[in-house]
Amino acid sequence: MAYRLSLSRMDELLEKMRESYTIYAPMRFEKRGRYSDTDLVRYDKIRSVRDIVYDEKSHFSPKEVIHPITQALFHFTEFEYRESEVDERPVLVFVRPCDIHGIQRLDTMFLENGDAADPYYKRLRDKVKFVLMECGKGWDTCFCVSMGTNRTEDYSLAVRFAGEELLLEVKDPSFRPLFASEKTADFRPEFVSANRLTVRLPEIKSRDVLEKVHALPLWESYDTRCLSCGACTAACVSCSCFTTSDVAYSENGRSGDRRRVWASCLHKDFTVMAGGHGFRKTPGERMRFRTLHKVYDFRARFGGADMCVGCGRCTDRCPQLISFAATLNRLSGEVDRLNAEAAAATGVSV
Ligand code: SF4
Ligand code: SF4
């Protein structure tokens with residue numbers, strides 16, 4: 001069923017929903033952007049539908065709702081520990097199609113990557129339902145169509161904002177009673193069918209080609225360009241790396257919190273081990289790791305989709321204007337050449 005609602009009526013219904021749900025959406029934080037006179041758009045709890053920034057791409061993704069920047073896992077003293085608690089209320093998050101796919105990639109990383117699901121992720125993820133925000137045309141740096149993440153059916157509600165009113169599709173039967181007396185409408189969300197950017201994905205066809213991809217000079221070009229700041233990975237919906245740290249209380253250094261904190265494979269000390277050995281010492285090596293994880297390793301390990309969902313936020317946030325789409329297209333050109341050389345050497349056509 002679908003409904004046409006004024007924003008004020010939607011606010012009344014939202015108030016009722018807030019009795020049961022905590023509701024997150026992209027919100028504007030004035031003068032908190034990259035420069036002193038720019039705004040930041042990121043996820044936070046909303047009180048009104050007018051709080052939602054629906055006509056701009058958020059600078060940061062909804063991942064922080066279920067994979068917070070910093071998360072207390074447990075509290076400890078010298079004698080015992082106690083797991084941290086979470087708000088048991090279910091959560092509604094306003095998201096775009098690519099971000100729903102991005103959270104599915106996080107699900108794979110946290111719930112299927114090993115013998116046991118990550119309990120700290122699962123306890124938040126199990127509470128989440130999605131409100132799909134219709135994404136009519138995308139933005140300059142989006143390449144969701146190339147990644148196959150422009151469409152989804154994995155949502156409870158879907159919304160199209162139209163000035164002082166909105167259209168709302170209700171798929172999840174648990175929400176139907178709330179809208180039973182509202183004016184119905186003919187509405188299904190539309191999805192982006194073409195982006196301005198097209199990305200070609202590398203098709204690495206053999207171990208031999210993979211090894212040659214590792215040795216490509218193109219990675220060295222990032223040694224001077226990439227600052228290893230990690231801004232791209234912080235903005236990325238599908239980046240899941242974290243580190244853990246113990247924060248001791250000042251009154252008693254033997255008690256404190258163990259916290260999970262976002263980390264980045266692009267930070268220079270990310271792979272440093274005891275003794276000072278690091279596996280990826282240069283920015284180019286780290287860029288190679290991130291790029292191949294996004295469009296090769298994840299799919300090779302789990303099958304199906306790539307880890308990157310083409311939201312373009314990494315490109316938007318990079319202070320060095322490194323375009324991830326351009327990196328992928330450049331890599332694909334090199335992989336084509338390596339595949340052709342490998343085929344010529346074996347006499348097999350590609
Ligand atoms: S790598 Fe870039 S384009 Fe791909 S999902 Fe992450 S932020 Fe979006
Ligand atoms: S945001 Fe740009 S400069 Fe910073 S780590 Fe990512 S690619 Fe490198």
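One is the number of the first residue; the rest follow in order along the sequence. Every number for a ligand or one of its atoms is a count from 1 in the order of the listing.
- Residue R290 touches ligand 1 through its side chain alone, judged by heavy-atom distances below 4.0 Å.
- For ligand 2, the atoms lying closer than 4.0 Å to a non-hydrogen atom of M287 are 7 (S).
- Counting only N and O atoms by type, the side chains of E169 and Y155 include a donor and acceptor under 3.5 Å apart.
- Scanning the protein for heavy atoms near atom 8 (Fe) of ligand 1, the closest one is C311 SG, 2.3 Å.
- Residue contacts with ligand 1 include G310, since one of its heavy atoms falls under 4.0 Å from the ligand.
- No side-chain N or O of N339 forms a donor-acceptor pair with one of E203 less than 3.5 Å apart.
- For the 3.5 Å distance criterion, the side chains of Y222 and T327 qualify, holding a donor opposite an acceptor.
- The single protein non-hydrogen atom nearest to atom 4 (Fe) of ligand 1 is C308 SG, 2.3 Å, given as residue, atom name and distance.
- Of all protein heavy atoms, the one lying nearest to atom 6 (Fe) of ligand 1 is C236 SG, 2.3 Å.
- Only protein N, O or S atoms were considered, and those under 2.8 Å from atom 2 (Fe) of ligand 2 are C318 SG.
- Heavy-atom distances between G312 and ligand 1 reach below 4.0 Å in at least one pair.
- When all heavy atoms of F175 and F179 are compared, the closest pair comes out as O-CD1, 3.2 Å.
- For the residue pair R123/S84, the side-chain donor-acceptor check at 3.5 Å is satisfied.
- With hydrogens and angles left out, the side-chain atoms of D208 and S206 include no donor and acceptor closer than 3.5 Å.
- Residue contact annotation: R286 has no non-hydrogen atom under 4.0 Å from ligand 2.
- The protein non-hydrogen atom at the shortest distance from atom 5 (S) of ligand 1 is V309 N, 3.3 Å.
- The closest donor-acceptor contact from the side chain of H267 to the backbone of C229 lies under 3.5 Å.
- Residues that satisfy the ring pair (Phe, Tyr, Trp, His ring centres under 6.0 Å) test with Y121, not counting sequence neighbours, are F110.
- A salt bridge between D336 and R200 is present, with a side-chain N of the basic residue lying under 4.0 Å from a carboxylate O of the acidic one.
- A side-chain donor-acceptor contact under 3.5 Å links T271 to the backbone of F279.
- For ligand 2, the atoms sitting less than 4.0 Å from at least one non-hydrogen atom of G230 are 4 (Fe), 5 (S), numbered in the order shown with element in parentheses.
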